[in-house]
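Just so you know, ligand 1 is whichever comes first in the structure, and atom 1 is the first atom listed for that ligand. Bear in mind the structure is a predicted one, so any value in this text is a computation, not a measurement.
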Amino acid sequence: MVSRVIPVDPFDLVLFGGTGDLARRKILPGLFHRFAVGQMPQDARIICTARSAMDRAAFIELTRSSLLKFASAAKENSSALESFLQTIDYVQVDAAGQDGWDALSKALRPDMVRAFYLSVSPSLFGPIAHKLNNHGIATPQSRIVVEKPFGHDLESAKALNADLRGNFEEHQIYRIDHYLGKETVQNLMALRFANSLWEPLWNSTHVDHVQITVAESLGVEGRGEYYDRSGAMRDMVQNHLMQLLCLTAMEPPSRFTPDAVRDEKVKVIEALEPVDQSDIVRGQYRAQGEEGSYHDHSGNPQSRTESFVAIKVNIGNWRWAGTPFYLRTGKKLRARSSEIAIVFRDPPHMIFPKMEGRRGNAMIIRLQPDEGITLRNTIKEPGPGGFRLTEVSMDMTFADALDQHAEPQDAYERLIMDVIRGDQTLFMRGDEVEAAWAWADPLIEGWQDAGRTPAPYDPGGSGPEDALMLLHREGRRWREIMA
Ligand code: NAP
């Protein structure tokens, strides 16, 4: 099956931080892919900006080398690469000062959708939003796109929202959480709300518990200093895992519109019950020798920042009371693997002999490495010799089921095109971000007040022993982290 590409209208995209890591690795390659498949029109323009003094030719060369490195299709399709480079311009702008704003204003075309992508430090979000407004560059049809982190806590998130809303309307603000651009995450909505099979089972009567795991095999090397000020809770749970929890737990929206969907997500966050400190496990990887420990990678030998966190979360509403959600994320774990596992309750009365090691029915929604859905069923073990049970998986890898073995679309590609189309469904609303911080802040303050150090864990495993106990003590167990 070939996926349908619906072209977007021409636009001017201003990419602040055009020379930066994210722009070169993700945003420009994402735009190139959309261009190569015909979704981005030839007369769209990408105006990259940064402080570095550079002319257009030098920037084009930089972009060419980034695309050849990070966009596999660029090597195979040189004519598309050359045409795409024609759409790119470079304007030197000091986001914190006065230089370059008039030149930027002149580089933009009137009567065109304008999108301002802020791929820069969050400390520049407010100043850039203000200058775009002050210089008359922002129009009522403009959109502004910001990258996480959306604040460090509730107070800073409110300040950031106030800065953005002081210059743009909420319907113009696109807060990117790239997890929402993943096909499987979007499929969670299709699976739940376009089928009648699952919804009757999607509640505490039938679901024993939910496990959400985002495991990474890499450590914090290279981003140690930033990470040490953040930790797994701020870097992953407050945003990515919270989004996965919301999409799993939310009520069916009345319509598939941005605000109807986001209203339901906010209701889930507001229904989260306070978390007891005994339901949180924090860990830090410790390795001897060359591999290095978190302390080496963060450059902070005294650090108490967690590189792993596991939390039991209860949702206080009619659908989920009595069904805990277990969240787990960490660095330097066995594999890079993300999934949501919906684990169903056992049948009320079992007529067959007890099966050793039976885990029961589960739906596993895999986000990475290969996106897909697995259903774990209990069946009769084949052959004579009595009636024994065994468990099998009904496996649907999207690439196989949909015959899409081409390179999967990156989350950024999808999200940037949604910005151009003006569709905010997959972007976080300001109140959603604030509600997530209002939930996360007391947890973080709680462990800071307690002064506990994170539990050490070996790289290449599944986190600290205490995290296993979080489920074991309730007769449950985590799914193995597997590549
Ligand atoms: P980066 O590599 O440090 O790039 C920062 C960019 O900002 C550079 O192009 C830099 O160019 C420009 N810049 C800095 N100060 C400026 C100023 N005063 N005026 C104009 N331009 C300025 O950062 P990054 O890793 O790309 O991250 C960008 C944003 O994305 C950050 O908010 C980050 O938290 C977020 N993010 C990044 C990733 C990732 O994988 N990298 C993932 C998620 C979120 P000059 O030095 O030439 O000015």
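Taking a cut-off of under 4.0 Å to the non-hydrogen atoms of V93, the atoms of ligand 1 that pass are 19 (N), 20 (C). Against a heavy-atom cut-off of under 4.0 Å, L124 is close to the following atoms of ligand 1: 15 (N), 16 (C), 17 (C). Every atom of ligand 1 is numbered from 1 in the order shown, and the set under 4.0 Å from a heavy atom of P149 is 34 (O). Proximity to A95 (heavy-atom distance under 4.0 Å) selects the following atoms of ligand 1: 17 (C), 18 (N), 19 (N), 20 (C).
Between M54, E147, K148, it is K148 that holds the heavy atom closest to atom 34 (O) of ligand 1. Closest heavy-atom approach to atom 10 (C) of ligand 1 among the candidates D235, T19, I128: T19. When S52, P122, S119 are checked for heavy-atom proximity to atom 28 (C) of ligand 1, S119 turns out nearest.
Using the six-membered ring where Trp is involved, F427 and Y174 have ring planes that are perpendicular, over 60° apart on the 30 and 60° scheme.
For the pair K182 and Y179, the cation-pi test (distance below 6.0 Å, angle within 45°) is passed.
Below 3.5 Å of separation, one finds no N or O of A23 facing any N or O of ligand 1. Taking distance alone, with nitrogen or oxygen atoms compared against 3.5 Å, G20 approaches ligand 1 more closely than that limit. At a 3.5 angstrom cut-off on N or O pairs, D94 counts as close to ligand 1. In terms of polar-atom proximity, defined here as any N/O pair under 3.5 Å, V120 does make such a contact with ligand 1.
Listed for the R56 side chain is a donor-acceptor partner under 3.5 Å among the backbone atoms of I88. Of the possible donor and acceptor atoms, one in the side chain of R304 sits under 3.5 Å from a partner among the backbone N and O of G451. A donor-acceptor distance shorter than 3.5 angstrom exists from the side chain of Q284 to the backbone of S303, with no hydrogens or angles considered. S121 contributes a side-chain N or O that, together with a main-chain N or O of S123, makes up a donor-acceptor pair within less than 3.5 Å.
At a distance under 4.0 Å, a protein heavy atom can be found next to atom 41 (N) of ligand 1.
The nearest heavy-atom contact from the protein to atom 25 (O) of ligand 1 is D21 CB, 3.6 Å. The nearest heavy-atom contact from the protein to atom 38 (C) of ligand 1 is L22 CD1, 3.6 Å. Scanning the protein for heavy atoms near atom 14 (C) of ligand 1, the closest one is R51 NH2, 3.5 Å. Protein heavy atom nearest atom 6 (C) of ligand 1, with residue, atom name and distance: G17 CA, 3.6 Å.
The closest approach between a heavy atom of G97 and any atom of ligand 1 is not below 4.0 Å.
A salt bridge does not link K267 with D263: none of the charged nitrogens is closer than 4.0 Å to a carboxylate oxygen.
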*asked:* Using the rule given for side-chain hydrogen bond (donor to acceptor under 3.5 Å, both in side chains), can you reason through R143 versus Q424, listing the C-alpha separation, both sets of side-chain angles and the distance that settles it, and then say yes or no?
replied: CA-CA 10 Å; R143 286 128 213 196; Q424 286 186 305; over 6 Å; no
*Does the side-chain hydrogen bond (donor to acceptor under 3.5 Å, both in side chains) test come out yes or no for Y117 and E147, once each step is laid out?*
CA-CA 8 Å; Y117 197 129; E147 273 288 341; 2.7 Å; yes
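Using modelled atom types, one finds a donor on one side chain and an acceptor on the other under 3.5 Å when comparing N161 with E434.
Only the side chain of R25 comes within 4.0 Å of ligand 1, judged by heavy-atom distances.
Listed here is the closest heavy atom pair of L367 and E371: O-CG, 3.2 Å.
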